Amino acid sequence: MKEEIFEVTKLQEPEAEQQRAFSNSRRRFLKLFGGGIAVAFVLQDVSAFVPGPAEPVLLRAADSKEVGGWLHIGQDDVITVFTGKVEVGQNIRTSLAQVVAEELRVPVNSIKMVMGDTDLVPYDAGTFGSRTTPQMGPQLRRAAATARGMLLDMAAQEWKTAKSTLKLADGKVVHSKNKKALSYGQLTRGKELQQAVVNDVALTPVEEWKVAGTSVPKVNGRDIITGRHKYVSDMKLPGMLYGKILRPPAYGATVTSADVSAARAIPGVVVVHEKDFIGVAAPNRATVAKAADAVKVQWSAAPQQPSRSGIFSYLKKNVYNSGSRGGRGNTVKGSVMDGMAAAAKTLQETYHIDYIAHAPMEPRAALAHWENGKLTVWTGTQRPFGVQEELAKEFTISKENVRVIMPDTGSAYGGKHSGEAAIEAARLAKAAQKPVKLTWTREEEFIWAYFRPAGVIEASSGVKNDGTLTSWEFHNYNSGPAGIRTPYEVPNQLIQYHPVESPLRQGSYRGLASTANIFVLESQMDDMAALVGMDPLAFRLKNLQDARLKAAFEAAAQAFGWNKTKPATDHGFGIGGGTEKGGYTATCAEVAVDRKTGEVKVVRAVTAFECGTIINPEHLENQILGSIVQGLGGALFEAVDFENGKILNPRFAQYRVPRFRDMPAIEIIQLNRKDLPPAGAGEAPIVGIAPAIRNAIAAATGVRLKALPLVPNGLSGMLGKAGG
Amino acid sequence: MELLINGMNYTVNPAAGTSLLMVLRDELDLTGSKYGCGEGQCGACTVLLDGKAVRSCRVPATAAQGKKITTIEGLEKDGRLHPVQEAFLKVDVFQCGYCASGMVMSAVALLNDKPKPTDEEIITAMNGNICRCGTYPRVISAIKEASKA
């Protein structure tokens, strides 16, 4: 199946359209407020990215006049930030409020964040790729600092005094001599001021931060802990119907015949049958279920398609060669033939990576409502404006007539870029002429969302006896190019990503393909170290010049006690790390292997992570932790099983995810580089855990695994053969 | 049919076989309890029946008649959070928070039963609750925090 949701052309807008979008959002925004200070910032230095089949690709340089966000200070002292970024658990509602609060000298709770509502916020390509903290954060800082400058100007004028006599504190401008004070709202009263961000505005230095850089608790934590927060799946509208879609028994099966008359005859039931789409809606779930059962539908047999058992040979044989998508991430340096000839030892290996699922706790959900030709959809998506486009196209209406609203959502991990449930709910709502809520079941989420790509990776490398790398050849089939380059110094390199038409629908995942590429990179590095009899850490450091990555390895190793302690019998230590999305990470892991049962238990893991300046240490800790835990599942046992168009394990009882009992003792080392701009942290810390575990298993048993997941069925049958 | 939920009597009339979860969510708008899997595997729908944690997606509403049902909405009393909620808030456990209600309810049941649980007892009691954001160690910290109260 093609990744139709990620077609690049869909988001390309002609210049005039962009200009119109700009003036529309500006007008729309100004209509919201009678007066006050409004600061807009533009995306002039921000390139817009959209996700490709597996990776973000450069879409277009954003138009220089495109607004990226607004900040408004009202007469009522309310400070409101408008951004297209969305909250899926990264806690950016908190961290973005922190940087604004810092620049405006107000407490965090005086900032109101309006996020991901296409009627209220300016265009944003989406929340992915760890871009919020390095791009939206600094923009908001500058907007807030610009507003601060305006407030000082206004107060100076009001009191006919020099700005140097004034300071900002607790939402007021204070005259330091006569102690006169005016709140921000009082200063703006009756005025309507607009300003574009001053790009070189003086920002509060990191060393002076009082709010940013601290562990401000999740701003809506109380709503979460009391069950009060309304996720989309919790929402209701008066007269609302519940929807259900009839799904084909396998990918690619089509409707050969359908009789919906019995369903339609049930009072209150609305049925939509258009080609292969059959959906029902009714005032309650029991009636919906009854209606769905009453539809008599015949599906065609699914077309013959690859199964898990043959997926890796399929991927190798079906490289997608047509032009633009081929060869991304390629690196050619020197000659790998010469490099291999110069090596004392060489190693050629093939690794296999399974498809895995995001399995967000909140399955896809949408609530759609048509009113006077205008469609409003509440849905959990990382790309509200992308879903707005999908809907406009689906119903052939203008984007101005589609409003997508994204309440804080039950997680995504790269898995909610698309608007499937939004379109389905809107189709039902259009026919019903009533609001319709559609919540996918867990099974639907497993089967009809998209997956992290499977992949075949071939690595071939050479090394001198002293541990100097001479050659590095790396071919990735289908996983994607993220994290494909080696951070190590190798004079001869050939690195290629070979896209494949994936049989399963695939897309973004936390860290994208770096979860696969860095796993292989760091496995191969470990095996090379073993070939020349070197300590795995020393071998890496010998071939590494990147100071930030070196620091991460050294910090993890030190906290772990690498080379200071010896593993117990049947325990092993392993290390792995890398850099991705501006973050630098290394993980050391200890595993225990039960030689009788083959069971592998990860006993402890130490991850060091550096992403420049830290905005919120506690929430950073949580993101690193989340990455380790999610990475643990993909490392040990997660795999999507499928056969000829059917997913065979679409339930939590069958698709194993990490649970409490799987938790190692986890230690996290944060390296705070206040001299460097902040980078995102939701993705990069995932890359170290899988190779660290793999290498620890090798250290404990001599078994050098070459697949993810590593031990879905333990090591049974593998021990005793190799070095055990 | 009458259900006693958070100390209040509700008259409901669900279709045969309707789960307690769907009655809570759809009929009574008590949406703090979440749907996560519908097969009792993830714990997002956890509520208390006579003080014991149950997966409300697997309990027919009829089976809850005559029992004291406590949902996440019933923990807060007069604007004061339950000590377990306080502890979870203090530890700042969550990311997306979708699993939060189920985690808190499972923890409340555990601490009702064992006020000072060991690590092993916590893991055993909580292992049926999934958090895809990976906050497990923070949940354990919060439970220990609450057990000190």
Side-chain angles (χ1 to χ4, degrees), chain A residues 87-91 215 217-218 220-231 233-236 242 284-287 289-290 358-363 408-413 439 441-443 618-619 622-623 625-630 632 651-653 657-663 665-666, chain B residues 14-18 22 25-27 29-42 44 71-73 75-76 81-82 84-86 88-102 104-105 122-140:
Chain A
E87 176 67 61
V88 285
Q90 341 81 303
N91 282 325
S215 292
K218 189 176 180 70
N220 54 346
R222 195 179 170 110
D223 284 349
I224 298 288
I225 212 75
T226 52
R228 210 170 279 138
H229 172 68
K230 293 279 184 195
Y231 297 86
S233 47
D234 301 328
M235 297 177 70
K236 273 186 193 141
Y242 294 85
N284 58 65
R285 283 182 210 271
T287 311
K290 209 166 107 186
H358 309 78
M361 285 313 293
E362 184 183 22
D408 294 7
T409 285
S411 77
Y413 320 115
T439 50
T441 62
R442 174 57 55 195
E443 248 179 294
E618 201 62 40
H619 289 171
N622 216 341
Q623 286 305 306
L625 173 64
S627 295
I628 297 168
V629 174
Q630 197 145 46
L632 189 83
R651 307 164 138 212
F652 279 134
V657 297
R659 290 177 181 270
F660 278 90
R661 195 168 291 289
D662 299 310
M663 288 305 100
I666 294 172
Chain B
T18 303
M22 289 309 159
R25 290 178 53 80
D26 294 347
E27 290 197 36
D29 211 20
L30 295 168
T31 55
S33 309
K34 305 299 182 201
Y35 166 88
C37 69
E39 54 173 358
Q41 284 286 326
C42 79
T71 71
I72 187 78
E73 290 89 353
L75 291 188
E76 197 178 352
L81 295 179
H82 187 281
V84 172
Q85 288 172 309
E86 288 285 3
F88 273 71
L89 212 48
K90 185 175 169 196
V91 175
D92 202 4
V93 169
F94 292 114
Q95 294 176 34
C96 85
Y98 193 79
C99 71
S101 300
V104 169
M105 297 313 289
I122 294 174
I123 288 168
T124 303
M126 301 300 295
N127 207 45
N129 288 73
I130 297 175
C131 169
R132 290 291 287 148
C133 297
T135 63
Y136 300 124
R138 301 175 76 91
V139 172
I140 294 175

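Atoms considered below: every heavy atom in the structure, side chains included; atoms not considered: hydrogens, waters and symmetry mates. From a predicted model like this one, the values you see are computed outputs, not experimental measurements. Every chain is numbered from 1, with letters handed out A, B, ... down the list of sequences.
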Best-contacting candidate, A/Gly410, A/Ala653, A/Ala665, against chain B by heavy atom pairs under 4.5 angstrom
A/Ala653
Heavy-atom pair count under 4.5 Å with chain A, highest-scoring of B/Gly17, B/Gly40, B/Gly97
B/Gly97
Test your reading of the model: is there a side-chain donor-acceptor pair from B/Gln95 to the backbone of A/Asn622, 3.5 Å cut-off?
yes
Check whether A/Thr287 gets within reach of chain B through its side chain, its backbone, both or neither, counting any heavy atom under 4.5 Å.
neither
Strictly distance-based, threshold 3.5 Å: is any side-chain N or O of A/Arg442 a donor or acceptor partner for the main-chain N or O of A/Met361?
yes
Between the main-chain N or O of B/Asn127 and the side-chain N or O of A/Arg659, is there a donor-acceptor pair closer than 3.5 Å?
yes
Tell me, out of A/Leu632, A/Leu625, A/Asn91, who's got the most heavy-atom pairs with chain B below 4.5 Å.
A/Leu625
Interface moiety of B/Ile130 toward chain A, non-hydrogen atoms closer than 4.5 Å
both
Ring-plane angle category for B/Tyr98 and A/Tyr231, please: parallel below 30°, perpendicular beyond 60°, tilted otherwise.
perpendicular
Among A/Asp408, A/Val88, A/Ile628, A/Thr441, which residue has the highest count of heavy-atom pairs closer than 4.5 Å to chain B?
A/Thr441
Is it the side chain or the backbone of A/Pro217 that comes within 4.5 Å of chain B heavy atoms, both, or neither?
both
Structural part of B/Val93 lying under 4.5 Å from a heavy atom of chain A
backbone
Which region of A/Arg651, side chain (C-beta onward) or backbone (N, CA, C, O), has a non-hydrogen atom less than 4.5 Å from a non-hydrogen atom of chain B, or is it both or neither?
both
Side chain from CB out, backbone as N, CA, C, O: work out which of these in A/Gln630 comes under 4.5 Å of a heavy atom of chain B, or both, or neither.
side chain
Under 3.5 Å: donor-acceptor pair, side chain of B/Tyr136, backbone of A/Pro658
yes
Using heavy-atom distances under 4.5 Å, tell me whether A/His619 contacts chain B through its side chain, its backbone, both, or neither.
side chain
Counting heavy-atom pairs under 4.5 Å with chain B, the top scorer among A/Gly221, A/Ser411, A/Ala286 is A/Ser411
CG-CG distance between A/Asp234 and B/Asp29, expressed to the nearest 0.5 angstrom
8.5 Å
So for A/Lys290, is it side chain, backbone, both, or neither that comes closer than 4.5 Å to the heavy atoms of chain B?
neither
Using a cut-off of under 4.5 Å on heavy-atom pairs, state which of A/Glu87, A/Arg222, A/Met663 scores highest against chain B.
A/Arg222
Note: vs chain A, highest number of non-hydrogen pairs under 4.5 angstrom among B/Ala44, B/Cys133, B/Ala100 is B/Cys133
Residue, of B/Ile140, B/Asp92, B/Val104, B/Ile123, that accumulates the most heavy atom pairs under 4.5 Å with chain A:
B/Asp92
Measuring heavy-atom distances to chain B, does A/Lys218 have an atom under 4.5 Å in its side chain, in its backbone, in both, or in neither?
both
Just so I understand: if I count every heavy-atom pair under 4.5 Å between each of B/Glu73, B/Lys34, B/Glu27 and chain A, which residue has the most?
B/Lys34
